[in-house]
> 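The structure follows.
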Amino acid sequence: TVTVLAAVMLAPISPAAADGKGRGDSEKCTVGQAQLDRNTRTAIAYYTLAFNAGEPRLAVEKYVGVDENGNKVYTQHNPFAQDGPEAFIAFVEFFKATFPDLHVDIKRTIAQCDLVMTHAHITTGPDDLGNAAMDIFRFDRTGRIVEHWDAVQPVEANPANDNTQF
């Protein structure tokens with residue numbers, strides 16, 4: 001079961017964030033619950049299809065947006081990954097070939113404006129403690145993914161507290 005949390009913002013988060021690229025633009029933040037829910041379903045479907053089903057090309061075809069010329073666009077903010085949908089496809093294909101039991105278990109999501117954040121447990125096999133990952137996706141006006149950020153940390157075998165990372 002995935003927990004869905006959503007917030008509708010009516011004003012910029014901060015003046016510095018009001019850049020028109022989904023990070024606080026008040027025009028983009030006047031979205032309804034239906035759009036937040038649609039974007040959340042899309043983010044979940046995108047990662048599930050790409051990683052769990054091993055179909056990154058189909059995931060890009062179905063869920064990634066296009067520029068004014070009709071070319072797929074996927075801006076990547078992970079400093080270790082290249083921009084573009086082909087780079088995403090190549091990464092997933094390589095990762096799935098290396099770890100055939102790779103699985104992304106999305107635990108919760110948060111939707112705000114044109115952004116969706118997923119909090120997931122990524123494992124490469126049954127004995128892998130895995131990684132906790134938070135991915136942020138920005139959506140275009142048609143509900144397609146056009147931008148991605150992430151932060152990943154290993155699941156700790158001997159944590160300093162009794163809380164889980166999920």
Side-chain angles (χ1 to χ4, degrees), residues 1-6 17 19-24 28 35-157 164-166:
T1 302
V2 175
T3 303
V4 178
L5 306 172
D19 63 3
K21 295 189 178 185
R23 294 180 279 292
K28 290 186 183 287
Q35 184 175 342
L36 294 172
D37 292 345
R38 177 200 64 196
N39 290 352
T40 299
R41 287 190 306 272
T42 297
I44 293 168
Y46 177 64
Y47 256 24
T48 300
L49 183 58
F51 288 99
N52 296 347
E55 296 284 347
R57 190 166 301 281
L58 182 58
V60 165
E61 181 183 320
K62 291 178 75 170
Y63 302 115
V64 170
V66 296
D67 64 16
E68 60 278 353
N69 299 315
N71 299 312
K72 291 287 185 181
V73 61
Y74 190 76
T75 302
Q76 177 62 260
H77 293 276
N78 180 320
F80 303 107
Q82 294 183 355
D83 267 342
E86 288 301 321
F88 173 79
I89 292 166
F91 169 76
V92 175
E93 288 175 344
F94 170 78
F95 211 49
K96 282 294 277 188
T98 306
F99 302 104
D101 294 331
L102 175 73
H103 184 76
V104 176
D105 181 13
I106 297 174
K107 301 294 188 177
R108 65 190 48 83
T109 62
I110 300 171
Q112 174 187 348
C113 305
D114 57 355
L115 303 172
V116 171
M117 193 249 351
T118 63
H119 180 209
H121 186 198
I122 302 172
T123 54
T124 58
D127 298 325
D128 181 26
L129 291 177
N131 287 286
M134 289 179 232
D135 291 270
I136 302 171
F137 301 97
R138 185 174 67 83
F139 291 78
D140 66 13
R141 292 174 196 223
T142 69
R144 301 261 183 156
I145 296 169
V146 293
E147 201 163 1
H148 172 257
W149 298 258
D150 64 0
V152 180
Q153 70 181 126
V155 172
E156 179 58 46
T164 72
Q165 288 172 261
F166 307 100

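What you see is a predicted model, and the numbers here were worked out from it, not measured in a lab.
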> Rounded to the nearest 0.5 Å, what separates atom CG in Asn39 from atom CD1 in Ile44?
11.0 Å
> Quick one: closest heavy-atom pair of Ala133 and Ile122, and the distance?
CB-CD1, 3.5 Å
> Just do the side chain to side chain donor-acceptor pair (under 3.5 Å) check on Asp135 and His148 with the steps written out, would you?
CA-CA 7 Å; Asp135 291 270; His148 172 257; 2.6 Å; yes
> Can you check side chain to side chain contact (heavy atoms under 4.5 Å, CB included) on Met134 and Met117, steps first, answer last?
CA-CA 7 Å; Met134 289 179 232; Met117 193 249 351; 3.9 Å; yes
> To the closest 0.5 Å, what do you measure between CG (Leu49) and OG1 (Thr42)?
11.5 Å
> Which heavy-atom pair separates Cys113 from Leu36 by the least distance, and what is that distance?
O-CD2, 3.5 Å
> Indicate yes or no for a side-chain donor-acceptor contact from Asp128 to the backbone of Thr123 under 3.5 Å, with no hydrogens or angles considered.
no
> Among Tyr47, Trp149, Tyr74, whose ring-ring contact (aromatic ring centres under 6.0 Å, His included) with Phe137 holds?
Tyr47
> Decide yes or no on side chain to side chain contact (heavy atoms under 4.5 Å, CB included) for Ile136 and Val116, but give the supporting numbers first.
CA-CA 6 Å; Ile136 302 171; Val116 171; over 6 Å; no
> Table please: side-chain donor-acceptor pairs of residues 91-102 below 3.5 Å, with sequence neighbours left out.
from	atom 1	to	atom 2	distance (Å)
Lys96	NZ	Phe51	O	3.0
Lys96	NZ	Leu102	O	3.3
Thr98	OG1	Phe94	O	2.8

> Backbone N or O of Asn69 within a donor-acceptor pair of the Asp67 side chain at under 3.5 Å?
yes
> Just do the side chain to side chain contact (heavy atoms under 4.5 Å, CB included) check on Gln165 and Gln153 with the steps written out, would you?
CA-CA 9 Å; Gln165 288 172 261; Gln153 70 181 126; 3.5 Å; yes
> Which heavy-atom pair separates Asp140 from Val66 by the least distance, and what is that distance?
OD2-N, 4.3 Å
> With rounding to the nearest 0.5 Å, note down the distance linking NZ in Lys107 to NE2 in His121.
7.0 Å
> Over all heavy atoms of both residues, which pair between Pro85 and Val60 is shortest? Give the atoms and the distance, please.
CB-CG1, 3.5 Å
> Give the minimum heavy-atom separation between Val104 and Ala120, together with the two atoms involved.
CG1-CB, 3.8 Å
> Under 3.5 Å, is there a donor-acceptor pair between the side chain of Arg108 and the main chain of Phe166?
yes
> Do other residues, nucleotides or ligands put more than 12 heavy atoms under 6.0 Å from the CD atom of Gln82?
no
> With distance as the sole test, does Lys72 use its side chain to make a donor-acceptor pair with the main-chain N or O of Gly65 at under 3.5 Å?
no
> Output the distance between atom CD1 (Ile145) and atom CG (Asp114), rounded to the nearest 0.5 Å.
12.0 Å
> Which heavy-atom pair separates His119 from Ala132 by the least distance, and what is that distance?
NE2-CB, 4.5 Å
> Between Asn52 (side chain only) and His103 (backbone N and O only), is there a donor and an acceptor less than 3.5 Å apart?
no
> Take Thr75 and Val146 through the side chain to side chain contact (heavy atoms under 4.5 Å, CB included) test and state the conclusion after the steps.
CA-CA 6 Å; Thr75 302; Val146 293; over 6 Å; no
> Rounded to the nearest 0.5 Å, what's the gap from OG1 on Thr109 to CG on Asp37? Could you check?
9.0 Å
> Is it the case that the side chain of Arg144 and the backbone of Lys62 share a donor-acceptor pair, with hydrogens and angles ignored and the cut-off at 3.5 Å?
yes
> In the structure I gave you, are the side-chain heavy atoms of Glu55 and Glu61 within less than 4.5 Å of one another anywhere?
no
> Measure the acute angle between the ring planes of Phe88 and Tyr46, then classify it against the limits of 30° and 60° as parallel, tilted or perpendicular.
parallel
